[in-house]
Amino acid sequence: MTNLMIEIGAVWLLAVLCGVPLFVAMGLAALAFVALSGLSSTIVPQKMTQAMNSFPIVAAPLFILMGNLLSAAKITDRIVRFATALMGSLRGGYAHASILSSLIFAGMAGSAVADAAGAGSVEIRAMKRVGYRPETAASITAAAATIGAIVPPSLPIVIYGVTSDVSVGRLFLAGCIQAF
Amino acid sequence: MKAFDFVIKSFGCLLLGCLLVTVLLGVVTRGLGSPLIWTDEAARMIMVWLAATGWILASRAHGHVRVRFFQDLLPQKSWGLAETLIQLVTSGLGLVIAWFGLALVRKILDLEATSSPISFGWMYAPLVPVGIVTAVQAVADAIHHYRPADQRSGSELIQ
């Protein structure tokens with residue numbers, strides 16, 4: 001079994017390094033496993049579909065929809081304005097405001113990338129306007145956006161919970177402690 | 001091809017709307033104490049179709065992630081050869097997915113879903129168009145690399 005796993009891993013790694021798209025590399029590795037272990041070939045589409053056939057995974061597109069709705073409805077700007085009103089008067093207030101607005105946004109959008117793309121653009125613009133260097137503003141936003149993966153409800157936590165068969169509720173609870 | 005992309009994008013939006021309504025119905029009726037039995041299964045089925053739509057759109061937009069570092073080190077001729085080979089492998093995988101997907105759908109066509117009066121085969125049905133689009137797109141990309149630069153559009157040259 002170990003040899004088989006090594007062979008399949010080698011197929012995957014070789015395909016990736018050759019420049020084959022990742023999904024093709026994974027598909028080739030899966031086909032190699034099916035061929036070498038003598039399983040029925042219909043297991044390939046069955047397993048591919050079953051990966052998506054999970055109710056918690058349904059949260060993923062809805063999180064993305066929520067992030068897009070927040071940006072389209074300009075709610076992101078309001079969140080940043082609110083955070084700036086709270087923290088703006090402090091020393092380095094705009095950086096604090098950026099982190100706070102990322103925290104609020106993350107609670108709704110649930111993804112670090114959505115946070116950086118949605119709230120990040122507004123935060124960077126605000127920080128640059130008050131004299132922050134673009135590099136500093138980008139670094140603060142990048143660091144703050146990672147909170148999106150920790151603050152519940154978080155998309156990576158849902159995916160991790162489903163993949164590793166761990167309670168998503170317990171993971172959310174663990175995220176609360178880390179985030180706040 | 002713009003019409004095809006438009007249709008797929010519209011279909012994706014429709015599926016997302018259906019998913020939202022289905023999940024919302026499930027949550028609301030559960031909260032009211034008389035849950036609808038079909039919402040969970042319908043949401044999962046729509047999710048599979050939504051993922052398949054995303055796959056098709058990613059294939060059309062060349063959005064699948066690739067590590068091109070080692071391929072880009074090759075001389076131009078070998079690069080083209082490697083690219084053609086990669087696209088042919090991609091096309092082959094697409095055909096395999098479509099073929100086995102079709103076989104699976106035909107095998108379980110009589111099997112009814114647990115909570116709704118439709119065939120369980122619909123869960124696996126999107127793999128057939130996904131495989132076909134992946135295969136056709138890969139062949140088109142392989143041919144594209146052999147077209148002279150003056151026959152390509154501006155956006156293609158930028159890519």
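Note that the structure is predicted; figures quoted are calculated from it, not measured.
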Counting only heavy atoms not in [X], do more than 12 fall under 6.0 Å of its [atom1]?
X: A:M26; atom1: CE; answer: no
X: B:W49; atom1: CH2; answer: yes
X: B:F4; atom1: CZ; answer: yes
X: B:W122; atom1: CH2; answer: no
X: B:Q76; atom1: CD; answer: no

Give the cluster check for [X] versus [Y]: same hydrophobic cluster or not, with ILVMFWY residues linked at side-chain heavy-atom distances below 4.5 Å.
X: A:V158; Y: B:L19; result: yes
X: B:V105; Y: B:M47; result: yes
X: B:L109; Y: B:L111; result: yes
X: A:I159; Y: A:V166; result: yes
X: A:V34; Y: A:L4; result: yes

Taking all non-hydrogen atoms of both residues into account, name the closest pair between [X] and [Y] and its distance.
X: B:L20; Y: A:L62; value: CD1-CD2, 3.6 Å
X: B:I86; Y: A:C18; value: CD1-O, 3.3 Å
X: A:Q50; Y: B:Y124; value: NE2-OH, 4.0 Å
X: B:F100; Y: A:T42; value: O-CG2, 4.3 Å

Under the 3.5 angstrom rule, does the side chain of B:R66 hit a backbone N or O of A:G19 as a donor-acceptor pair?
yes
Between the CG atom in A:L65 and the CG atom in B:L16, the distance rounded to the nearest 0.5 Å is 5.0 Å
Can you say whether [X] sits under 4.5 Å from chain A via the side chain, the backbone, both, or neither, judging by heavy atoms?
X: B:A82; value: neither
X: B:V67; value: both
X: B:W99; value: neither
X: B:L93; value: side chain

Quick check on the interface: out of B:I97, B:V65, B:L85, who has the most heavy-atom pairs with chain A under 4.5 Å?
B:V65
Under a 4.5 Å heavy-atom cutoff, which of B:V96, B:D72, B:L127 has the most pairs with chain A?
B:L127
Under 4.5 Å from any heavy atom of chain B, what part of A:L31 do you find: side chain, backbone, both or neither?
side chain
Test A:F23 against B:T134 for side-chain contact (heavy atoms from CB on, under 4.5 Å), laying out the working first.
CA-CA 11 Å; A:F23 83 97; B:T134 304; 3.8 Å; yes
Steps toward side-chain contact (heavy atoms from CB on, under 4.5 Å) verdict (B:M123, A:T49)
CA-CA 8 Å; B:M123 181 75 87; A:T49 310; 3.8 Å; yes
